[in-house]
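Position 1 is the first residue of the sequence, and the numbers go up from there. Model, not experiment: these values are computed from the prediction.
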Amino acid sequence: MQVHHLTKTDSIAGKFVAQLRDISIQNDRLRFRRNIERLGEILGYELSKTLSFSEKQIQTPLGKSIQFLPDDEIVICSILRAGLPLHQGLLNYFDDAENSFISAYRHHPNNDEQFEILVEYLASPSLEGKTLILADPMLATGRSFVNVYNALQKMGTPETIHLVSIIGSEEGIEYLEKELPEKTRLWIAAVDEKLDKNGYIVPGLGDAGDLCFGNKLQH
């Protein structure tokens with residue numbers, strides 16, 4: 001798997017990541033969602049450099065211009081609910097893409113630290129021969145990405161697979177490298193060293209879904 005680590009090189013993206021992490025800023029939900037969206041735009045731009053392009057002739061008011069436009073049939077699949085702002089950032093740039101939505105959440109069957117990832121909802125077009133972009137802002141253990149990829153296989157085999165995330169753990173990335181097709185590409189803003197005993201990224205930023213949309217109902 002090829003890993004493209006955005007903040008390994010200094011850029012404005014580092015400012016947006018810092019604001020997402022900052023406990024004095026992140027409780028502004030509108031700003032938090034917008035920063036995820038902006039990072040989705042930046043990661044989408046970087047991802048676009050790997051797509052296939054062909055020459056097109058464009059008529060302007062004063063003549064003709066040759067431009068190179070992307071050929072890929074793109075499907076953006078976001079993991080609900082935290083993936084929605086990231087999905088919008090990608091869709092801002094890939095505005096003619098098809099869209100897929102899937103649920104994946106942590107289920108604690110014994111009400112302890114052990115959990116499994118459950119996938120219960122899927123709405124997707126065919127993926128056969130297309131470019132699949134899987135979007136989830138937090139790459140912790142990596143199991144959400146893998147379970148979602150497995151659930152999507154009944155929708156066809158994509159030509160290429162891109163994963164887009166904001167913050168990930170080294171452990172989660174290593175897991176994806178073992179479980180996903182070799183040619184998968186990961187586009188990620190920041191990589192942290194470890195997970196805590198509950199499987200959350202440290203230092204991370206907390207629960208992205210709650211910070212985007214408010215606390216979940218507890219059962």
CG on L39 to CG on L6, rounded to 0.5 Å: 7.0 Å
Gap between atom NE2 of H162 and atom NZ of K183 - 0.5 Å precision: 12.0 Å
Atom pair CD1/CG of I42 and L90 - distance to nearest 0.5 Å: 11.5 Å
Any side-chain donor paired with an acceptor under 3.5 Å for D71 and S54? yes
Anything under 30° is parallel, anything over 60° is perpendicular, the rest tilted; go ahead and classify H4 against W187. parallel
Pairing of E179 and R143 as salt bridge, 4.0 angstrom limit: no
For the residue pair Q59 / K64, report whether a side-chain donor-acceptor contact shorter than 3.5 Å exists. yes
Nearest heavy atoms of F94 and I74, plus distance in Å: CD2-CD1, 3.7 Å
Residues D192 and R21 bridged, charged N to O under 4.0 Å: yes
Checking the side chain of S165 only, and the main-chain atoms of G168 only, is there a donor and an acceptor separated by less than 3.5 Å? no
Going by atom types only, do T131 and T160 share a side-chain donor-acceptor pair under 3.5 Å? yes
Does a side chain donor of either Q67 or S65 reach within less than 3.5 Å of an acceptor in the other side chain? yes
Under 4.0 Å between a side-chain nitrogen and a carboxylate oxygen: does that hold for R38 and E41? no
If I take atom CD from residue Q2 and atom OG1 from residue T50, how far apart are they, to the nearest 0.5 angstrom? 8.5 Å
Applying the side chain to side chain contact (heavy atoms under 4.5 Å, CB included) test to L127, which of I161, T157, V75 qualifies? V75
Show your working on side chain to side chain contact (heavy atoms under 4.5 Å, CB included) between F32 and L20 and close with a plain yes or no. CA-CA 6 Å; F32 189 87; L20 289 173; 3.5 Å; yes
With a 4.0 Å cut-off, would you call K15 and D10 a salt bridge? no
